[in-house]
Structures are given as structure tokens and as C-alpha cells.
**Student:** 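Got a structure here, written out as C-alpha cells. Questions coming.
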Amino acid sequence: SSVEAVRAAGRKYRRSVEFRAVQLADFHFDLPPELIAQRPLAERTASRLLALDGADGALRDLRVPDLAQLLVPGDLLVFNDTRVVPARLQGRKATGGQVELLLERTAGERTAWMQVKASKAVRPGTAISTAGGDLQVLAREGDLWQLEFPRPVYQFLESFGAVPLPPYVTRAADAEDRERYQSLLARHPGAVAAPTASLHFDAALLAQLEAIGVQRTCVTLHVGAGTFQPVRVADPAQHVMHPERYEVPAAACDALNAARARGARIVAIGTTVVRTLEAAAPADGAPWLPRRGDTRIFIHPGVRFRAIDALLTNFHLPESTLLMLVSAFAGREAVLAAYRHAVAQRYRFFSYGDAMFITPATGVREVRS
């Protein structure tokens, strides 16, 4: 209706005004480099857990197994079941120049969009030799290149690729990373970065939570290399996200609809789940229906949440879009205060680091009928 259109325009205007009020520097925090976790702990559940109540900013220092105390019977945990592929490749041009390739997303069975690092720019028609054969450069789109592989992309990468550890992990990937930079629930290959909140779950913890009545389901978002791209503009509203492919299958819709019907919380296990659910969330009061597609959703302060009630997530980089997402959910000041506490208490940061359990600030969720 025209009335609803006016209301929607008003909500969009209020969000944009609120976001324009902050700058990139407003999401900065000081992090000693030695707190950046370079390796996983011996046990998946050994990480520390900082609980943040977004309503009042209260903090509690816990451990990952304490999730059993923070969750209640009926809560629905939503995981991302994407599987990390060995997405990093080394190659050479015919001139001898070295080339480093990183998968962004597939374009077809034997073609993919990739980040390309070389001393001199490649061009369409360039052949890049690798241990598995030559790749052909087909086209360019922004900062990505489309390449053709001699065999199916995922099959080729499984044989000749390396685990694409994040840029802040300063060592080379090894055999341990093949297992530990992968969730126990990983099923569908396509990601070049792990949904790291799910790395904290082992089989025993999943069984314990199931025994107390906590339910779980899975959606899929294939995390692209763009997740590590810094925000390069002082005004975050000008930042453009890379597209990422997602799917909310029928089984997840059934679980989400049942959770809503019984008044249970929907708990996102990681920011990739937040982005998937918020991109696919139905209009207020409508049932969840299966959806798939690409999303560029950018969740920042001022955005109202339609899908989630709590969030488990790792610590994120200063001035990153994921820190903005968490700030949108729990409040920027409360989140930055929690990060200062985590630094002072020597928490471990980023992909192989510790985690946070976050409940929302007042007023960040849309009222549901």
C-alpha cells in the first residue's frame, strides 16, 4: 500500500542518516599483534567466550562449553554448512613472472572469478601455468579475473590448491589447516574462508546441546575472498560489498518457521549466517520459504534486524564490515568496550581466536507480528 511505502521510505531514510553519522575511524581499536591467533588451539572447544549483553553492555568471561548455560531448550542454532576449498594457487606467466591466484567464486564448472596478484597485470588471453596445467585468462570485472581451468574447478583445486588462510595469519598453510580451518558441519564446497564461529564446535558439544533441547539447522553462504577486503573509503556508506552466493533450503525454513511458532530464539552461528538470514528474511508475518541467490547485503549501524535474536561470532578486524555488523546488533560503543576488555584480558583474535556470544541492543530488531 501507499502508506506502507511511505513507512518503508522513512525507515530507509532514518537508517541512512544514522549510518552517515559515523565514519570509518569510528570502528577503530588498538590490537597488539601478538593477540592475533596464528594457530588453532589443541581442542575446538578450548577457546574463551566473552558474553556481551547488548541491552546494558554487561560482560562475562566464559569458555565455549559455557554455551550450555547461555542457551535454553528450544533455541535454534543456525550454522553455515559451506565447505572451504583449497582456493590458493601458485602459477607463472610465459615470461616467468610469478602469479598468485585466489578463488572468489565459480562461474561455471570449469571457470571461476579469481583475485590475481602479479608483478605486471595479466590480460585476457594470458596463459598461467600451474602444477596442474595451464589456466587461461578470459576477462576482467573490477578487481577480479575470470579464468578457465583444464578440469572442473573444485576438482582441480583439491589436487593442486592450498588452504587459503587469512592474510593476518603470517605462516604458510599446513596439513593441520586442512582439518581445523573447516567446520564439522561443512558439506557444500565453495568457500574461500571458513565461517569461523562454527570452528568452536566439536561432536561432544553438539551432542551436549542437543541433549538439553537446543536445536540446529544449516544454511549455506559461500564466503568469498572479498570478506578480507578492507574498507578503503572514509565514509563506510560508500563501500560496495562483493557478491556471495547463498541458499536457505527447505529444511532450514521448516526449522525457522517452527522456532518462530514456539517463540524460540534464532541464534546465528557466525556473521555469515546473519548475512544469509537477513538477506533472505520474509516480510513480517510471512513464513520462511526456500531461497537462493547472490547477496551484497551490508549490515551496519542503523539497519534493523529481521531474523536473528542472538549471535555467536569471533572477534573481527578494526574498521571492517563485520565489526560494523556486530556494532549494528549490539551497539557500537558496547562492542568497542567489549573489544577493549578482550584486549586487556588477552583474548585471542580473528579466525583461529576466541569468540563472543552477543544478545542485541534495545531497538535494533524490527517488531514482529
Side-chain angles (χ1 to χ4, degrees), residues 27 29 31 35 37 40-41 43-80 183 195-202 204-206 208-216 259 263-274 277 299 301 305 307-318 320 322-365:
F27 298 93
F29 64 92
L31 180 66
L35 295 186
L41 297 175
E43 302 294 333
R44 288 180 180 267
T45 58
S47 291
R48 299 166 72 187
L49 179 67
L50 179 60
L52 167 61
D53 185 339
D56 61 11
L59 297 171
R60 284 189 284 169
D61 295 300
L62 304 170
R63 295 276 174 179
V64 166
D66 293 323
L67 277 170
Q69 302 171 24
L70 298 172
L71 300 170
V72 299
D75 279 348
L76 177 66
L77 307 186
V78 185
F79 289 84
N80 182 1
S183 163
T196 55
S198 61
L199 300 183
H200 297 289
F201 291 80
D202 62 13
L205 179 58
L206 290 171
Q208 179 188 9
L209 296 177
E210 185 175 356
I212 64 174
V214 174
Q215 301 187 17
R216 69 173 185 264
R265 291 188 303 178
I266 293 173
V267 182
I269 306 302
T271 54
T272 63
V273 172
V274 178
L277 294 182
I299 300 175
F305 290 79
I308 72 164
D309 303 293
L311 166 64
L312 180 77
T313 185
N314 280 26
F315 293 92
H316 302 292
L317 277 70
S320 64
L322 298 182
L323 181 58
M324 295 177 198
L325 181 155
V326 175
S327 297
F329 190 60
R332 184 179 65 88
E333 292 183 3
V335 168
L336 291 179
Y339 273 52
R340 289 192 294 271
H341 173 88
V343 168
Q345 296 299 314
R346 311 294 291 178
Y347 276 70
R348 302 167 72 250
F349 275 69
F350 307 155
S351 293
Y352 275 146
D354 297 318
M356 294 183 70
F357 182 83
I358 306 172
T359 52
T362 303
V364 303
R365 290 178 295 172

**Student:** Who pairs with Arg346 by salt bridge (charged side-chain N to carboxylate O under 4.0 Å, His left out), at least two apart in sequence or on another chain?
**Tutor:** Glu34
**Student:** Assess the residue pair Phe305 and Val274 against the criterion (side-chain contact (heavy atoms from CB on, under 4.5 Å)); give the C-alpha distance rounded to whole Å, side-chain angles, the decisive distance to 0.1 Å, and a yes or no.
**Tutor:** CA-CA 9 Å; Phe305 290 79; Val274 178; 3.9 Å; yes
**Student:** Which residues pass the salt bridge (charged side-chain N to carboxylate O under 4.0 Å, His left out) test with Arg60, not counting sequence neighbours?
**Tutor:** none
**Student:** Can you sort out the partners of Phe350 under ring pair (Phe, Tyr, Trp, His ring centres under 6.0 Å), two or more places apart, ordered by chain and number?
**Tutor:** Tyr168
**Student:** Which is it for Arg44 and Val64 under the side-chain contact (heavy atoms from CB on, under 4.5 Å) test, yes or no, and what are the steps along the way?
**Tutor:** CA-CA 9 Å; Arg44 288 180 180 267; Val64 166; over 6 Å; no
**Student:** Quick one: pull up CZ in Arg265 and CG in Leu77 and give me the separation to the nearest 0.5 Å.
**Tutor:** 9.5 Å
**Student:** Quick check: closest heavy atoms across Ala330 and Thr359, and the distance to 0.1 Å?
**Tutor:** CB-O, 4.2 Å
**Student:** To the closest 0.5 Å, what do you measure between OG (Ser320) and CG (Leu325)?
**Tutor:** 9.5 Å
**Student:** At what distance, to the nearest 0.5 angstrom, does CD1 of Ile299 lie from OG of Ser327?
**Tutor:** 12.5 Å
**Student:** I need the Phe201 CZ to Leu206 CG distance, nearest 0.5 Å.
**Tutor:** 6.5 Å
**Student:** Under 4.5 Å between any side-chain heavy atoms of Leu52 and Val326, yes or no?
**Tutor:** no
**Student:** Any donor and acceptor pair, going by atom type alone, linking the side chain of Asp354 with main-chain N or O of Ser47 inside 3.5 Å?
**Tutor:** no
**Student:** Search all heavy atoms of Ala355 against all heavy atoms of Asn314 and return the closest pair with its distance.
**Tutor:** CB-OD1, 4.0 Å
**Student:** Of all residues at least two apart in sequence or in a different chain, which pass the side-chain hydrogen bond (donor to acceptor under 3.5 Å, both in side chains) check with Glu43?
**Tutor:** none
**Student:** Rounded to the nearest 0.5 Å, how far does CD1 of Ile269 lie from CG of Asn80?
**Tutor:** 11.0 Å
**Student:** Is there side-chain contact between Arg332 and Phe27, with at least one heavy-atom pair below 4.5 Å?
**Tutor:** yes
**Student:** For the residue pair Thr45 and His200, what are the closest heavy atoms and their distance?
**Tutor:** CG2-O, 3.3 Å
**Student:** Leu59 and Leu50: side-chain contact (heavy atoms from CB on, under 4.5 Å), yes or no, with the steps?
**Tutor:** CA-CA 7 Å; Leu59 297 171; Leu50 179 60; 4.2 Å; yes
**Student:** Report the residues that fulfil side-chain contact (heavy atoms from CB on, under 4.5 Å) with Ile212, sequence neighbours left out, ordered by chain and then residue number.
**Tutor:** Ala68, Leu209, Val214
**Student:** How long is the gap from OG1 on Thr196 to CG on Leu322, to the nearest 0.5 Å?
**Tutor:** 8.5 Å
**Student:** With Phe315, which residues qualify under ring pair (Phe, Tyr, Trp, His ring centres under 6.0 Å), at least two apart?
**Tutor:** Tyr339, Tyr347, Phe349
**Student:** Side chains of Met356 and Leu311: closer than 4.5 Å at any heavy-atom pair?
**Tutor:** no
**Student:** Can Asp61 and His341 be said to form a side-chain contact (heavy atoms from CB on, under 4.5 Å), step by step?
**Tutor:** CA-CA 10 Å; Asp61 295 300; His341 173 88; 2.9 Å; yes
**Student:** Has Arg63 got a side-chain atom pairing as donor or acceptor with Ala46's backbone, closer than 3.5 angstrom?
**Tutor:** yes
**Student:** Quick one: does Leu312's side chain get under 4.5 Å of Leu49's, heavy atoms only?
**Tutor:** yes
**Student:** Can you see which heavy atom on Pro195 is nearest to which on Thr272, and at what distance?
**Tutor:** CB-OG1, 3.7 Å
**Student:** Between Phe329 and Thr313, is there a side-chain heavy-atom distance shorter than 4.5 Å?
**Tutor:** no
**Student:** If you look at every heavy atom in Phe357 and Leu67, which pair is closest and at what distance?
**Tutor:** CD1-CD2, 3.9 Å
**Student:** Indicate the atoms forming the closest heavy-atom contact of Gly331 with Ala361, along with that distance.
**Tutor:** N-CB, 4.1 Å
**Student:** Donor-acceptor pair, Arg348 side chain versus Tyr352 backbone, under 3.5 Å?
**Tutor:** yes
